Every structure is written in structure tokens, then in C-alpha cells.
Protein chains: 4
Amino acid sequence: MAQSDTVTRILDTAEVLFAERGFAETSLRNITSKARVNLAAVNYHFGSKKALIQAVFSRYLDPFSQRFHTALDELEGQHRGRVIPLETLLETMATTVLAVPAERNSLKVFMRLLGLAYSQAQGHLRRHIQQEYGDVFTRFSELVRKATPDLPDAERFWRLHFMLGTVIFTLSGLDALRDIAEKDYHEQVSVRDLVRRLLPVVVAAMNAPLPLALEEGKPEEGKHANAYAS
Amino acid sequence: MAQSDTVTRILDTAEVLFAERGFAETSLRNITSKARVNLAAVNYHFGSKKALIQAVFSRYLDPFSQRFHTALDELEGQHRGRVIPLETLLETMATTVLAVPAERNSLKVFMRLLGLAYSQAQGHLRRHIQQEYGDVFTRFSELVRKATPDLPDAERFWRLHFMLGTVIFTLSGLDALRDIAEKDYHEQVSVRDLVRRLLPVVVAAMNAPLPLALEEGKPEEGKHANAYAS
Amino acid sequence: MAQSDTVTRILDTAEVLFAERGFAETSLRNITSKARVNLAAVNYHFGSKKALIQAVFSRYLDPFSQRFHTALDELEGQHRGRVIPLETLLETMATTVLAVPAERNSLKVFMRLLGLAYSQAQGHLRRHIQQEYGDVFTRFSELVRKATPDLPDAERFWRLHFMLGTVIFTLSGLDALRDIAEKDYHEQVSVRDLVRRLLPVVVAAMNAPLPLALEEGKPEEGKHANAYAS
Amino acid sequence: MAQSDTVTRILDTAEVLFAERGFAETSLRNITSKARVNLAAVNYHFGSKKALIQAVFSRYLDPFSQRFHTALDELEGQHRGRVIPLETLLETMATTVLAVPAERNSLKVFMRLLGLAYSQAQGHLRRHIQQEYGDVFTRFSELVRKATPDLPDAERFWRLHFMLGTVIFTLSGLDALRDIAEKDYHEQVSVRDLVRRLLPVVVAAMNAPLPLALEEGKPEEGKHANAYAS
DNA sequence: CATGAATGAGAATTCATTCAT
DNA sequence: TATGAATGAATTCTCATTCAT
């Protein structure tokens, strides 16, 4: 068997199985037998199951992180210190997110993995992601902060994660949702379609009026309070 | 030990542990030893681990389904055929969702179960949910349709699921997010806080302008189109 | 299978295999298959391999500890505060040591286990033994101290362990040595014979003159210094 | 990396790790990674783990055997047929034993190997030792016989092995004992200290009165009989 | 000569489940 | 009705060894 072929096959198989069943429900036996690789190969090449999980993530996040940094560089160059509109930021992110898995397996897998990283009890994964890719997210957050100056920091944090949930949930459960949509509305939705649908929703969500309780003592926002259903 | 005391203790312990660690990561040993109950008791009383998971879920789902039906009955009674505003619908849902776990342990396990219901590996759960949950959701969807008459059906379908994603992702991954929020913003967020924050976001998202490509031939929405980044 | 039969069979088999091969070289598979017991039984009944090792020891040391305390009680009763001669102490110990394994498997196994406890990298075992049985040894040591008042404490400590080595090494390697002795000297030695041979040697060793370097400034021991080869 | 540098580094590392943890507890991975040598190097250079153990041992045994023969040659030359005193023999042996590891790492691994040589599980080692070691031991035994003419042959055999046990047990379990000694007596004992302590003890043990039962019909030893407890 | 990659065997442990009582 | 004991299957991981290069 060729040199790093084994490593690639393990990663390919692992990411599919992880996405299908979750981390705990996928055993190294599952992976290695489906990858037609020796059972000990995972431990040999990655050291542990934990490390394999992290490696699967890195294969997506490393190029994403790199490309996103580049894209933000360009964007900042174009705007020369001026505020980059939220919509532009989100479109750039969407483009980058779409670009990476296009070369790899699928967006669905990536998103399902991301979802698992947050919902499953994989503290090590969250720590790993925050450690390795925290700065890209921080940089992006900072640009979003400038684009939404009226939003309190905590509120912005939560809304970003609300939207992360939207995106991850939708794209990771894509197949199931697509089935229903097709059956009920006779629509063939591509990932690009979905992202197009997502963009205005996310922008509107980020710009939603503040929740009532936070506005006490902030009368200048009062007019928005009744506006959000208009 | 009293008759059904054992059953209750198992359910109480199981829901806490499931919420903390997930299903696969929680063993029956964990549950029975923490519940100070015989190891065989789960299999004796519930038959299997799967059945226990569903039982934990039913303890949330059954009263929720019942209460939500009642709440919608009341709402429809009050509005006597008139359209119920989206905001009212969402507030009612939020209130009901919060009411049930308030009596019980936490919303987290409920949401985590919902989240897993969408993952392949827990097929039995999804089937279980659709059986119990399907008609309430259908009824709710229909009311939402009436409240958002301008939204194409397909768009409404997607946005409902976008928001489902937001809610499930946020509440099921609550611990992870809470950790980060606490570290970065020194905020102690309760579930109620989060729901309060969620409401305007969800409303705004549902009312977001339609995506550009879908607006061709729908000029009456054009004014919104430019509005969403303002 | 009868109730605690499994436990007994595991202990019986484990002690033999441990003595034959050492701890690390004896796998739980070895033990359970030879004991005709389920592989998981060790973990079920003892929790871990470590705990099994300690249990094997306890089965010897608990009755020994008990009996030795009783024997020392009697001895102290007989001597009513007067010093108990070293020879008497050693004879009492020998008798107790011989009594316990007589009911159990064999002295050889016990001794080999003791030897392993000191020579193999089983830190947990040494700690366990010291914790559980330290006080008997301490009590014995104290009586030995009174019986050998001229010996510096450290010197006594080392000599006691020298003798422990003698006894453990001899009795644990008994079969091999017995073979050679029989072949070369046509002698049939029983364990009792060996203990009889050991006694004067141990007494002489304990009463040996102090090593030269320690005698500087202790001229009153000088006469012994030249005596030990006489 | 230079030619036999690898071999030396493996041996150096192996002997340290073997002494620290024992043989079974030391994996080839441990050795090669600590020696910064390829994992396959042990099998390449030595053939197997067994062979490595023997090689480690030979590095002690070969020079010891050679030097001890030389030392005994000198001794016999000095005494020209006259009896060499027991003390001198033991001192010579001690000196030789100490001299070899002085050039190398420690006495501990040497003794631990010796100790294991008597344990069933390391049959290959015992065979290896008897091949290399047998004639030196035979020669030494014969000189001891001449130095202790009053000792029955069988008694001498047993006492030599008693003392072998003392030495091997003490020096192979050195770390454990040193731990206790340090904790209780705040003494930092070196190997040299221990050997100094051992010498008078061994001499006294060899010269101990004969056990009572063997003295029947041997009245000329009677005076010693009561002496050993004095 | 030397090594990175790979492997089959086996390690301890944990699992959900079953069974005799 | 309830449970302590037991079990077979599966878990991750480590082992010494081999092999192609």
C-alpha cells in the first residue's frame, strides 16, 4: 500500500462515518474495517481516537482558515479602513465555506462534524478548535463588531452563534430537509440555493431589535422594540 | 425501595447524565450507580437503553404536546378565526416550551434529544418523535402560514427549519456556548435569558426580505430588499 | 456456578500464575481461561487487575497479620514487660508464617508473591502492603529493637530486610534449590528443615558486628569487629 | 548516526529502563523512543527483546566473570595453597561486583537480572547465566569450602544461597527499600554503603552455629549452640 | 544498512444484556 | 418483583515483530 494512502483512507472513511453516526457511535473497528486498513493503523498514525477526530477537523479547517484569512485581507484592502458591510462579510464567509469542501468530500459532512463538535461531549475538540482556529473567528468577529456598532458585545456573540446554529443545523441535516422540501414543494434545492436563502435571513437576524429586557434605560432603542414585527 | 421510586430515580438521573454527556457516552452503569439502583433495573423496567432514552424524552414530549394543543386552542378561541400574529405564536410556543422543563430538570436534554432526532444514528428517536410530535407541528405550521401570507410556502418551510436549527443548536449545545460566553463576557445566562434573546431574532429572521433571485417578478418586496442591511 | 465460587477460583488461579510468571507476564486472559471463568469476571468482581493482585495478597496477609498479633500478645503476656529474646521472636514469626499457608496453597507461592512485591514495579502493591500491614511489622520491629538494643536503628532496619531477602529468596525459589540440593547432597529438605536451618543464620546475622565505618568513635564495639570471622 | 552508536544507545537506555521498571513493563517503544533510535532498530540489531535482555546482561557478566577469575588467580597466588579466609573471599567478590557496574550504569540492573534468573518466567535467562557464570561460581564455591572446613557441605550450600538471597533481594529491590529507609531514617544509602553493611552480616551468617537438630552427636559444636542468642 | 510503515496478536477494560434465584 | 452474578461482544490501545524501500 502506498505511503500515506493509509492515512488518507482513514481520514476519508472516518469523516464519513463520524458524520453519519457521531463520534462515540463510530468505533475504530468501523473505520479501519471499512477503510480496509489494519485496526492498529489509527493508533499508529494518529496516536488515539481523539487525535483522529482532531485530524479530521484539521483537514477542513486548515485550508478554510487559510483562505478566509486571505479573503479578509483582500476585503480589508478594498475598504481601506472603512467599515465593511455585514452583508459583504457574510457573503465572503459563505463563499469561503463553500469553496473548501468543494475540493473535499462534501459540505454536509463538514457541517455535521461542526455540529457534533458543539453538541457532543467532546470537550477536547472544542478546545482544539478554539486553540487552532480561534484567531480567524476573532478576526471575523471584530469585523462584524465594526459592522454592527449598535449591538452590545454579548448580544452579538449570541446572535453569531444563533446563526451558526442555523447554518450548521440546516446544512448538516441537508439530506433529510431536502427530501421533505422536494416532496412537499417540488423544489430542487442546491447548496448554493440554500446559502442564497440563508443570507437575507442571517442579515435580518443580526440586525433584529434588541430584546426588551435589555432596553431598560435605553429609551433610544424603544422605537425599535415595537418595530420588530412590523 | 418503593415501587415506582426506582423508575423515577432512573429517569431523573438518566436525563441529567444524558444532557451532560450525550447518550452514547452515558452507560447504564453510570445511571444506575448514580441513581443508587440495581444495574439490571433499567433493563427490567424499560427493556433496553433505547427504550429508556425514549421514556426520558416522552416525559418531556407528552406534557408539551398536550399543553401546546391547549394553548393553541385558547389562542384560536381568542382570535376567533382572525390571523394570529407570528410574534404571538412564537411567544406562545416559547412559553410552552419553557413551562414543561420548568417542572422538570432542564430544557437542555429536551433540545439535545431533538437535535439527535435529526442525526442518522438515532433513527428510532426520529420515528418516535414524528409519531408523537407530528400533528402539533403540523397544526403550528398552518397557523404560521396564516401569519405570514406573503411568504412563499417553500421559503416559509426553510425559514422555519433555519430557526429550528438556531433554537436546537443553541439550547442543545448550551453548555459549550455558556462556557465561552461566561469566559469572554462574564455573563451568567439562564435559559430564560436566551429565549428572550432568541425571540426578536427569530421574528426578524422570519420576516426577512426574500432572497434576490426569488424576487424577480415580485417588485412589491423590493423595498425590503435594500432594507436588510440598513 | 455457585455464588462466590467464581471469586475463589479466580484468586486460586491468579496466585498460582502470578507466582509462576510474575504480575505483568500474567494476563487476565491467562487467569480467567485457566480458571474457566468469564474474561470479564475479574473486572466485575475485583474492578481491575491491580485490585486482583492486592486481593491475592490480602488472602495471605489478613490471616497472617491477625495470627501474628495474637501470637505477639501471648508472648508479651508471658514476658510481662521483660525483653523477649530475638530468638523467641523469630521462632514465633516462623511458626506463624508456616501456619497460614499450611491452610492455603503453599508457602512457596506466598513467598514468591512477596518477592515480586518488592522486586517488580508494582508501586501500588508496596503501598497497599505498607498501609494494611504496616502496623504488624512496626510492632514486630519494635520488639526486635528491644531485643537488640545495641544495634543502631538504621542498621537494624537493613538487617531485617537482609533477612527478609534471605527468607523470601530461599522459600520462593525453593523448588529450584531443592532440586540442586537433592542432586548434589542427596538430602530431602522439607520447609520445616529449611526454617530450622534459617533460624541460627538469621540470629547470627542480626547479631553480627557493626560494619567498620560505622564504628568510628564507638570503640566499645571494637572487640566484636575482629570477632566475626572467628 | 554512527555505526554502533545505535547499539550502544539501545543498551544504555535499555539497562536503565529495565532496572527502573522491570522487563515486561519496559516496551521496545519505550527504549527506542528514549534512545532516539528507530523502533525497528532493536529487532534489527539484536533480533528480539529476549536477545536484548541477554545482551544487556552480558555487558555486565562478561567483564565480571573475567575480572573475578583474575582476582581469584591473584588471591591463590598470594596464598600459595594456603586457605584463603572467608572474609577475604567475600571482600574480593564484593570488590569485583562493585567494580564492573562502576564503569557502567548501576548494580541494580545486574542484580535484578540475577533475581529474575531464578524466576520461572525467565528460563532463557537462567540458562544463559549458567552457561556463562557456572564455572566462576563453582570455583568460588570450592574456595569457600576450604575456608569453612567445619561446615557440612549441605549446610554450606544452603547458607551460600541464603546469602545470595540477601544480596540479590536487597540490591534488586534497592529502590523500594531505599524509599522506606529514606523516609524513616533520613538516610541516603549508596550501593557502597549497603555492601559495607552486608559484609559483616554475611560473614556472621556463614559462621553461625549449626542448627540444633543437626548437632545431635556433634557435641563439639555445643558451645556455639547457646551462643547465638547471646 | 537503516527505517518508516504496517500488522496481527493480545492487552485491560467497559458495555448492555441475561439469568437464576 | 427485584437483584446480584455472570456473560459475550466490543471497546481503545499497546505490543513485538516484519517488510518494502
Side-chain angles (χ1 to χ4, degrees), chain A residues 1-7 9-10 23-33 36-52, chain B residues 1-7 23-33 37-52, chain C residues 1-7 9-10 24-33 37-52, chain D residues 1-7 23-33 37-52:
Chain A
M1 195 173 292
Q3 285 237 0
S4 65
D5 191 21
T6 301
V7 168
R9 286 169 67 167
I10 290 173
F23 300 115
E25 293 87 351
T26 304
S27 72
L28 295 188
R29 268 190 158 75
N30 292 156
I31 296 168
T32 52
S33 70
R36 297 174 131 280
V37 149
N38 185 274
L39 172 59
V42 167
N43 281 84
Y44 174 74
H45 285 288
F46 298 92
S48 70
K49 190 182 180 180
K50 262 183 196 174
L52 171 62
Chain B
M1 196 173 291
Q3 295 184 345
S4 66
D5 189 23
T6 302
V7 170
F23 302 112
E25 291 89 349
T26 303
S27 72
L28 295 187
R29 267 190 156 73
N30 291 155
I31 296 168
T32 53
S33 70
V37 149
N38 185 272
L39 171 60
V42 167
N43 283 82
Y44 177 74
H45 286 289
F46 297 91
S48 71
K49 190 183 181 180
K50 256 182 202 172
L52 171 62
Chain C
M1 194 173 292
Q3 285 238 359
S4 64
D5 192 20
T6 301
V7 169
R9 287 169 67 167
I10 290 174
E25 292 88 349
T26 303
S27 72
L28 295 187
R29 271 190 157 75
N30 292 155
I31 295 168
T32 52
S33 69
V37 149
N38 185 274
L39 171 60
V42 167
N43 281 84
Y44 175 73
H45 286 288
F46 298 93
S48 70
K49 190 182 181 181
K50 263 183 194 173
L52 171 62
Chain D
M1 196 174 293
Q3 295 185 344
S4 65
D5 189 22
T6 301
V7 170
F23 302 112
E25 291 89 348
T26 303
S27 72
L28 294 188
R29 267 191 158 74
N30 292 154
I31 296 168
T32 52
S33 70
V37 150
N38 186 272
L39 171 60
V42 166
N43 283 81
Y44 178 74
H45 286 290
F46 297 92
S48 72
K49 190 183 181 181
K50 255 182 202 173
L52 171 61

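Both backbone and side-chain heavy atoms feed into the values below; hydrogens, waters and symmetry mates do not. Computed from a prediction, not measured in an experiment: that's the story for all the values here. A, B, ... follow the sequence lines: proteins, then strands. Residue 1 opens every chain.
In this structure, Ala41(A) and Asn30(B) both approach DNA chain E, and ranking their closest nucleotides by distance from the 5' end singles out Ala41(A).
As a whole-Å value, the separation of Phe23(A) CZ from dT11(F) P is 17 Å. In this structure, CD1 of Ile31(B) is placed 14 Å from C1' of dT14(E), rounded to the nearest angstrom. The CD-P distance, from Glu25(A) to dT11(F), rounds to 12 Å in whole Å.
Contact record, Lys49(B) with Phe23(B): NZ-O, 3.0 Å, taken as the closest heavy-atom pair. Of all non-hydrogen atoms in Leu52(A) and Leu28(A), the two that sit nearest each other are CD2-CD2, 4.3 Å. Of all heavy-atom pairs between Val42(A) and Ser48(A), the closest is CG1-O, 4.3 Å. Counting all heavy atoms, side chain and backbone alike, Thr32(C) lies closest to Asn38(C) at CG2-O, 3.5 Å.
Of all nucleotides present, only dA2(F) satisfies the Watson-Crick or G-U wobble test against dT21(E), with each distance under 3.5 Å. A 3.5 Å limit on both hydrogen-bonding distances identifies dT7(E) as the Watson-Crick or G-U partner of dA16(F).
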Provide a list of protein-nucleic acid N or O atom pairs under 3.5 angstrom, restricted to nucleotides 17-21 of chain E.
unit_1: dT17(E); atom_1: OP2; unit_2: Asn43(B); atom_2: ND2; d: 3.4
unit_1: dT17(E); atom_1: OP2; unit_2: Lys49(B); atom_2: N; d: 3.1
unit_1: dT17(E); atom_1: O5'; unit_2: Asn43(B); atom_2: ND2; d: 3.4

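Among the heavy atoms of the strands lying under 4.0 Å from Thr26(B) are primed sugar atoms or P, OP1, OP2 only; no base atom is included.
Between dA5(F) and His45(C), no contact under 4.0 Å exists linking OP1 or OP2 to a side-chain N or O. Close to dA6(F), at under 4.0 Å from its OP1 or OP2, lies no side-chain N or O of Asn38(C). Residue Ser27(B) has no polar side-chain atom (N or O) positioned under 4.0 Å from OP1 or OP2 of dT14(E).
Contact check for Phe46(A) versus Ile10(A): side-chain heavy atoms found under the 4.5 Å cut-off.
Not a single donor-acceptor pair under 3.5 Å links the side chain of Asn43(D) to the backbone N or O of Ala40(D).
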